[in-house]
Amino acid sequence: MVLSISGVILLGVIVFLFFRKDGLKLSHAVVCSLFGFYLAGTAVAPSIQAGGASLANLLGGISL
């Protein structure tokens with residue numbers, strides 16, 4: 001649960017920065033949000049979630 005909330009916040013910040021700096025149009029952001037919403041209801045969703053968790057574990061294991 002914590003991973004998905006922090007992932008949503010991180011992606012929200014990235015979308016906000018794209019919107020402010022790189023000229024992301026509001027319509028593009030809405031389409032991407034709807035795509036993610038509908039993608040979450042498909043059979044591919046567990047694979048995407050597992051990939052995200054694996055990436056988070058990989059990044060969490062990096063020590064500087």
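Residue numbers count from 1 along this sequence.
Looking only at distances, no side-chain donor or acceptor of S54 sits under 3.5 Å from a matching main-chain atom of A50.
Every residue two or more places apart in sequence or in another chain was checked for a side-chain contact (heavy atoms from CB on, under 4.5 Å) with A45, and none qualifies. Partners of K25 by side-chain contact (heavy atoms from CB on, under 4.5 Å), not counting sequence neighbours, listed by chain and number: S27, H28.
Here the closest heavy-atom approach between residue A43 and residue P46 is recorded as O-CD, 3.3 Å.
The hydrophobic clustering, which links ILVMFWY residues whose side-chain heavy atoms are closer than 4.5 Å, places F35 and V44 together.
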